[in-house]
There are 2 protein chains.
Amino acid sequence: MNIGTASEKSGLPPKTIRYYEEIGLLKADRAGNGYRDYSMTDVHRLRFLQRSRSLGFSVEECRQLLSLYGDKKRESADVKAIAQIKVAEIDRKIAELASLRDMLSHLIDHCNGDERPDCPIIDGLAGSATVQ
Amino acid sequence: MNIGTASEKSGLPPKTIRYYEEIGLLKADRAGNGYRDYSMTDVHRLRFLQRSRSLGFSVEECRQLLSLYGDKKRESADVKAIAQIKVAEIDRKIAELASLRDMLSHLIDHCNGDERPDCPIIDGLAGSATVQ
DNA sequence: GATAATCCTTCCAGTTGCTGGAAGGTCAAG
DNA sequence: CTTGACCTTCCAGCAACTGGAAGGATTATC
């Protein structure tokens, strides 16, 4: 499929897909006319990139995560170790998102009577402030 | 407190804190010697910025979220509406992180016998591919 | 078959969000 | 009173896109 279709299916703009190719994240086949040609596997990888980028992982982290699956030469123990670190990181991110969510929910609940609390950011974040 | 202390307490590098001031996200008081002077409220806001940035929210989104609390002139109904949109977005992010987590857990579990599955990215992400 | 619209290509410049380093002022410890 | 760890501003560079120009390919319409 062409880049436009891959873009629709993955949620990434064509510009970004070309950029990812440029930096070696995902190389595409070429059709006879010079157009990039994407498979469904490519689309899944692009979708994976779209997701993990939007969740705050760097391009280098995404490259590492993609290579966990793609690199046949890599030791399984190695893969396992890296994956475990990332799972811990994801758990932390989930906890932080839950905390942000609670903070906003609190704001929503206390907006009913047109009386906004003065500083819920302090209440909402005091629990995990002062971390390294 | 000085910027170094605020940096430690918030988890943001001093450079980043100065940058946020430059773009008008958070203005600090100045001590007699010209040093920036931060209150605990400032630290909470910085910590909030550190968090939401690392979770994939843009600086403009963070500015909007901060203003939900800070802007006294804003209608409460307005604040509530924006907060609700953001809560929905956070829920989506949590679900996506959970899905990434499952994907990596699956990889970890199937690494024991040095037999790595060929393409778990497809299994792990097929559920939510093909979204606009 | 010509033409127009809509793709696709590359290339280069601009934006966002930091990040490093230089040059110099301030402050607390010995 | 000097040494070292702060702080200041300014300017340059990097990461990760994003927009636009110039031109070729494909598809749709006349």
Side-chain angles (χ1 to χ4, degrees), chain A residues 1-39 42-43 45-67 86 89 93 96 100 132, chain B residues 1-40 42-43 45-67 89 93 96 100 132:
Chain A
M1 78 191 72
N2 285 348
I3 199 168
T5 312
S7 166
E8 272 171 52
K9 286 186 189 291
S10 67
L12 284 172
K15 284 263 176 186
T16 305
I17 298 177
R18 289 192 199 101
Y19 172 71
Y20 286 165
E21 181 169 333
E22 193 187 319
I23 62 171
L25 261 191
L26 188 106
K27 58 183 184 323
D29 285 348
R30 294 291 176 133
N33 54 13
Y35 287 15
R36 286 171 182 83
D37 184 28
Y38 295 91
S39 67
D42 291 331
V43 168
R45 282 165 183 262
L46 289 170
R47 175 88 194 137
F48 170 80
L49 287 169
Q50 187 281 322
R51 259 198 191 183
S52 35
R53 286 293 296 126
S54 83
L55 294 167
F57 290 99
S58 74
V59 164
E60 284 318 304
E61 286 176 305
C62 292
R63 191 192 301 273
Q64 192 181 34
L65 285 168
L66 271 184
S67 81
K86 289 297 168 192
E89 206 170 315
K93 278 177 189 278
E96 293 193 343
L100 280 185
Q132 24 58 350
Chain B
M1 80 190 74
N2 284 347
I3 199 168
T5 312
S7 166
E8 272 171 51
K9 285 185 189 293
S10 68
L12 285 171
K15 284 264 177 186
T16 305
I17 297 176
R18 290 193 197 99
Y19 171 71
Y20 287 165
E21 181 169 334
E22 193 186 319
I23 62 171
L25 261 192
L26 188 105
K27 60 183 183 322
D29 286 347
R30 293 292 174 131
N33 54 12
Y35 286 17
R36 287 171 182 83
D37 184 28
Y38 295 91
S39 67
M40 277 314 287
D42 292 330
V43 169
R45 282 165 183 263
L46 289 170
R47 174 87 193 138
F48 168 81
L49 287 169
Q50 188 281 322
R51 258 196 194 185
S52 34
R53 285 292 297 126
S54 83
L55 294 167
F57 290 98
S58 74
V59 164
E60 284 318 305
E61 287 177 303
C62 292
R63 191 191 301 274
Q64 192 181 32
L65 285 168
L66 271 184
S67 81
E89 206 171 315
K93 278 176 188 279
E96 292 193 344
L100 281 185
Q132 27 45 0

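Every chain is numbered from 1, with letters handed out A, B, ... down the list of sequences.
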List in chain and number order the residues that pass side-chain hydrogen bond (donor to acceptor under 3.5 Å, both in side chains) with B/Gln50, two or more places apart in sequence or in another chain; answer none if no residue qualifies. B/Arg47
Non-neighbouring partners of B/Ser39 that pass side-chain hydrogen bond (donor to acceptor under 3.5 Å, both in side chains), sequence neighbours left out: B/Asp42
Which pair of heavy atoms, one from [X] and one from [Y], lies closest together, and at what distance?
| X | Y | result |
| --- | --- | --- |
| B/Leu55 | A/Glu96 | CD1-CB, 3.9 Å |
| A/Phe48 | A/Cys62 | CE2-O, 4.2 Å |
| B/Arg51 | A/Leu100 | NH1-N, 4.2 Å |
| B/Ser67 | B/Gln64 | OG-O, 2.8 Å |
| A/Val43 | A/Lys9 | CG1-CB, 3.7 Å |

From [atom1] of [X] over to [atom2] of [N], roughly how many Å is that when rounded to an integer?
| X | N | atom1 | atom2 | result |
| --- | --- | --- | --- | --- |
| B/Tyr19 | C/dC18 | OH | C1' | 7 Å |
| A/Leu26 | D/dC17 | CG | P | 13 Å |
| B/Asp37 | C/dT26 | CG | P | 17 Å |
| B/Glu8 | D/dA5 | CD | P | 15 Å |
| A/Ile3 | D/dA25 | CD1 | P | 17 Å |
| B/Ile17 | D/dC6 | CD1 | P | 14 Å |
| B/Tyr20 | C/dT16 | OH | C1' | 11 Å |
| A/Arg18 | D/dT18 | CZ | P | 13 Å |

For the CZ atom of B/Arg45 and the CG atom of B/Leu49, what is their distance to the nearest 0.5 Å? 9.0 Å
Contact under 4.0 Å: [X] side-chain N or O vs [N] OP1/OP2:
| X | N | answer |
| --- | --- | --- |
| B/Arg53 | C/dT16 | no |
| A/Ser58 | D/dA15 | no |
| B/Asn33 | D/dT8 | no |
| A/Thr16 | D/dT18 | yes |

Which nucleotide sits closest to the side chain of A/Arg36: C/dC18, C/dT10, D/dT8? C/dT10
Among C/dC27, C/dC8, D/dT9, the one nearest A/Asn2 by side-chain distance: C/dC8
Run the salt bridge (Lys or Arg N to Asp or Glu O under 4.0 Å) test against A/Arg53 and tell me which residues pass, sequence neighbours left out. none
Mind checking salt bridge (Lys or Arg N to Asp or Glu O under 4.0 Å) for B/Lys93 and listing every partner two or more places apart, or none if nothing turns up? none
Does the protein touch nucleotides 1-6 of chain C at the base, only the backbone, or not at all? Give it as B, S and - per nucleotide, heavy atoms under 4.0 Å. ------
Sequence neighbours left out, what passes side-chain contact (heavy atoms from CB on, under 4.5 Å) with B/Asn33? Give chain and number order. B/Ala31, B/Tyr35
Identify each atom pair where a protein N or O and an N or O of nucleotides 20-23 of chain D are less than 3.5 Å apart, giving names and distance.
from   : atom 1 : to      : atom 2 : distance (Å)
D/dG20 : N7     : A/Lys15 : NZ     : 3.4
D/dG20 : O6     : A/Lys15 : NZ     : 2.0

Polar atom pairs (N or O), protein with nucleotides 23-25 of chain C, under 3.5 Å:
from   : atom 1 : to      : atom 2 : distance (Å)
C/dG25 : N2     : B/Tyr35 : OH     : 2.8

Let me check something: any side-chain donor-acceptor pairs from residues 12-22 of chain B under 3.5 Å, sequence neighbours excluded? List them with distances.
from    : atom 1 : to      : atom 2 : distance (Å)
B/Glu21 : OE1    : B/Arg36 : NE     : 2.8
B/Glu21 : OE2    : B/Arg30 : NH2    : 3.3

Contact nearer the 5' end of DNA chain C, comparing B/Val59 with A/Pro14: A/Pro14
